[in-house]
Amino acid sequence: MTRHSGASGKPAKSRRPKASKSKSRSPAKVAGSRWSRTGVETEVIQLRRELHEARGEQTATAEVLRVISGSPGDLKPVFASMLENAVRICSATFGNIYRWDGEAGHLIATHLIPAGFAEERARSPDWRPVPNSPVGRMLTSKSVVHVANLATEEAYIEQLDPVIVAAVELGGARTVLFVPILKGSDLVGFFAVARRDIRPFTGKQIELVQNFAAQAVIAIENARLLNELRQRTTDLTERTTDLTEALERQTATSQVLQVISSSPGDLEPVFAAMLENAVRICDATFGSIYRWDGEALHLLATHNTPPAFAEVIRHSPFRPHPQSPPGRMVADKTVVHVADVRAEPAYIHDPVAVAAATLGGTRTALGVPLLHKGEMIGAFFLSRQEVHAFTDKQIELVKNFAAQAVIAIENARLLNELRQRTDALSEALEQQTATSEVLQTISSSPGDLEPVFATMLQKAVRICDAKFGNIYRWDGEVFHVVAMHNTPPAFAELRRRTPYRPNEGYIGRMVTTKSVVHIVDAAPRGLSPLRRSQTGPNPD
C-alpha cells in the first residue's frame with residue numbers, strides 16, 4: 001500500500017534509512033591508548049632489567065660463596081672474587097678492600113686500581129683517615145658512607161688525607177662508596193668502590209656491596225676458625241710426635257739400663273744396646289764407641305759400620321788430628337756436631353776422617369765425649385751418609401747414652417775391683433785355713449812327719465789348683481821323695497826307686513840359688529807324649 005503525503009495527496013517518497021556515519025575516535029582517546037602501550041613496554045623493559053640485575057647479583061653472590069667454600073682459610077681468592085663482582089655489577093671503575101686494626105686500614109685486595117694510585121698504595125699501604133673524612137665518618141658511624149663527588153670533600157680540598165688526595169688525583173675517583181665490614185659491633189675492615197664519573201650508586205648496588213661485606217665477615221671468621229683448627233691440629237700432631245719421640249727415647253734408655261743391670265761388669269752388650277738404639281732413634285747410618293787413654297782412641301764397639309771403614313778403625317788406636325772434630329772434642333771435652341765433614345778444613349789432614357768420608361760415606365757427624373769427674377774417658381760417634389744435621393733432642397739422647405756409658409764403665413770397674421778383692425780375700429782365707437790345718441796336724445802329730453807332709457801337699461795342690469805335688473828331702477847330693485799327693489803312678493814309682501840327682505836344669509838352679517824357680521812349661525823337649533806320661537817332668 002502506497003503512502004500519500006498528508007498535504008498534497010501525492011504519494012509520499014519512500015525514505016531510505018540514513019546511513020549511519022562512522023564516529024571518529026577522539027584524538028585524546030587514541031593518544032591515551034598509545035601511551036598505555038608504551039607504559040607497559042617500559043614497565044616490561046624495566047622488569048626485565050631488574051630481573052637481569054637480580055640474576056647478575058645472585059650469580060655474583062653464588063660465585064663468591066663458591067669461592068669461599070672452595071678456598072677454606074684462604075681469603076685472597078675470596079676478596080678478589082668479591083671485588084671483581086662488585087666493581088662489575090656496580091659499574092664502578094675500581095675497588096679496594098682494607099683490613100682495620102683499630103688504628104689504621106691495611107690494603108689487602110684491589111681490582112682494576114689505576115697504576116698511579118696503585119703505586120702510591122704500594123708505597124704506603126696503611127691508611128690512617130682523619131675524623132672528618134668519608135672513611136673517618138664511616139668508622140665513627142659504622143655505616144655506609146656514599147660520596148657523590150670526592151673532589152668536593154674537605155679532606156681533599158684542605159689536603160688533610162693523603163689517601164683521599166691520591167684517590168682523586170692519581171685514581172681519578174669521584175663517586176665513591178665506603179661500606180664497613182662488621183663482625184658484630186666491631187669494624188674489622190671496609191670496601192671502597194669508586195667511579196671516575198659523578199654518578200651515584202643505586203640502592204641495589206649499595207645493598208650488593210653490603211651483602212659482600214657480610215660474606216667477607218663470614219669468610220674471615222671461617223678462615224680464623226679453620227686456621228685455629230689447623231693450628232690446634234698441628235700442635236696436637238707436634239705434641240703427639242714429641243710424646244712418641246719421648247716415649248721412644250725413654251724406652252731406649254730403659255732398655256739400656258736393663259742391659260746394664262743384667263750384665264754387671266760386661267760392657268759388650270751394654271755398648272751394643274746403646275749403639276743400636278742411638279743409630280735407630282737418631283736416624284743415623286752407623287755409630288762407634290771408643291775408649292780414650294789420654295793419648296789415643298781405642299775402638300770398643302761399632303754398629304752397622306760399612307765394612308771397608310770398619311776394617312780401618314778395627315786397627316785402632318788412632319790419634320785424632322788436633323784441628324779435626326774428634327781433636328776439638330778431646331781438647332774442649334764438648335760435643336762436636338759437623339754438618340759436612342768434607343767441608344772441614346782439617347778433613348784432609350786426618351786419615352781417619354778421610355777414611356770415614358771416603359770408605360764410610362760420612363757427611364754429617366756427631367761426637368759426644370764420655371766424661372768421668374771432668375776427665376774424658378771415651379767418645380760416642382754417630383754418622384749420617386747425607387748432609388742432614390742432628391736435632392737438639394737427638395743430641396740430648398746421645399749425651400744421655402754417653403752418661404750411661406760412663407756409669408756402666410765405672411760400675412764394671414768397681415765390680416771387677418770388688419771381684420778381685422773378694423777373690424783375694426777368699427784366697428787369703430783359704431790359705432790361712434790351710435795353714436791352720438797344717439799347724440793343727442803338726443801339733444797333733446809330734447815327731448810324725450808323714451801326716452804333716454800329706455796335709456801340706458793336699459792343701460797346696462788344692463789351693464794352687466795344681467794336678468799333683470811331691471815333697472823331697474835333700475841330702476846334699478840327691479833328692480829323696482818323702483811325700484806325694486795325686487802323683488801319676490808311673491812317675492811316683494820312678495821317684496820311689498830312684499833318688500833324683502839334679503844337673504844344670506831348673507832344679508839345679510834352685511839348689512844353687514836357694515830361691516823359688518817358676519817354670520811355665522816343664523815338658524822335656526824331644527820326648528813323646530807316652531814317654532812324658534811314663535817319666536813325668538824332667539827338670540833337667
Side-chain angles (χ1 to χ4, degrees), residues 245-305 309-310 313-314 316-320 324-338 352 356 360 362 364-384 390-419:
E245 292 177 352
L247 178 61
E248 192 174 18
R249 291 193 297 271
Q250 288 178 354
T251 302
T253 302
S254 176
Q255 290 175 351
V256 170
L257 291 174
Q258 185 176 359
V259 173
I260 291 175
S261 63
S262 62
S263 305
D266 188 3
L267 295 176
E268 184 175 347
V270 174
F271 292 157
M274 284 181 178
L275 282 173
E276 189 276 330
N277 280 283
V279 168
R280 175 175 53 83
I281 297 176
C282 296
D283 295 324
T285 307
F286 60 93
S288 304
I289 296 178
Y290 292 83
R291 176 178 62 84
W292 174 251
D293 64 3
E295 295 183 356
L297 290 167
H298 303 258
L299 182 66
L300 296 178
T302 65
H303 177 74
N304 208 36
T305 304
F309 182 52
I313 61 177
R314 191 172 290 117
S316 63
F318 73 89
R319 291 169 176 78
S324 68
R328 297 198 301 270
M329 179 190 65
V330 170
D332 301 335
K333 299 176 184 177
T334 57
V335 173
V336 289
H337 186 194
V338 182
V352 177
T362 299
T364 297
L366 176 67
V368 178
L370 276 59
L371 301 175
H372 177 61
K373 295 181 179 179
E375 296 299 323
M376 181 171 153
I377 62 172
F380 207 118
F381 289 102
L382 290 184
S383 298
R384 282 177 173 161
F390 292 93
T391 66
D392 291 341
K393 292 181 179 178
Q394 290 170 339
I395 295 174
E396 194 63 31
L397 174 68
V398 180
K399 289 169 68 176
N400 187 29
F401 281 155
Q404 292 177 350
V406 172
I407 294 173
I409 292 171
E410 186 63 11
N411 287 347
R413 183 186 67 80
L414 293 175
L415 184 60
N416 289 334
E417 285 185 2
L418 179 61
R419 285 173 176 170

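Quick note: numbers below take in every heavy atom, side chains included, and nothing from hydrogens, waters or symmetry partners.
No side-chain donor-acceptor contact under 3.5 Å links Arg328 to the backbone of Val336. Judged by distance alone, with hydrogens and angles left aside, the side-chain atoms of His337 form no donor-acceptor pair with the main-chain N or O of Gly367 at under 3.5 Å. Between the side chain of Ser383 and the backbone N or O of Thr362, no donor-acceptor pair lies under 3.5 Å. Side-chain atoms of Arg384 come within 3.5 Å of backbone N or O of Cys282 as a donor-acceptor pair. Asn400 places no side-chain N or O within 3.5 Å of a backbone atom of Glu396 that could act as its donor or acceptor partner.
To the nearest 0.5 Å, atoms CE (Met329) and OG (Ser324) are separated by 9.0 Å. Atom CZ of Phe271 sits about 11.0 Å away from atom CG of Leu299, to the nearest 0.5 Å. Rounding to the nearest 0.5 Å places NZ of Lys333 at 4.0 Å from CD of Glu375. For the atom pair Phe381 CZ and Leu275 CG, the distance stands at 12.0 Å (nearest 0.5 Å). Here Ile289 contributes atom CD1 and Leu297 contributes atom CG; the two are 12.5 Å apart, rounded to the nearest 0.5 Å.
Taking each heavy atom of Ala296 and Pro317 in turn, the nearest pair found is CB-CB, 3.6 Å. When all heavy atoms of Ala408 and Leu267 are compared, the pair lying nearest together is O-CD2, 3.4 Å. Minimum heavy-atom separation, Phe309 to Val352: CE1-O, 3.9 Å. The two residues Thr305 and Gly287 have their closest heavy-atom pair at OG1-O, 3.7 Å. Minimum heavy-atom separation, Ile281 to Gln394: O-NE2, 3.8 Å.
Between Leu397 and Ile395 the shortest side-chain heavy-atom distance does not fall below 4.5 Å. Counting heavy atoms from C-beta outward, Ile409 and Leu370 have side chains that approach closer than 4.5 Å.
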(request) Take Val279 and Leu382 through the side-chain contact (heavy atoms from CB on, under 4.5 Å) test and state the conclusion after the steps. (result) CA-CA 7 Å; Val279 168; Leu382 290 184; 3.8 Å; yes
(request) Could you please spell out the steps behind the side-chain contact (heavy atoms from CB on, under 4.5 Å) verdict for Val406 and Leu371? (result) CA-CA 7 Å; Val406 172; Leu371 301 175; 5.6 Å; no
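Sorted by first and then second residue, the side chain to side chain donor-acceptor pair (under 3.5 Å) pairs involving residues 287-298 (not counting sequence neighbours) are Asp293-His298.
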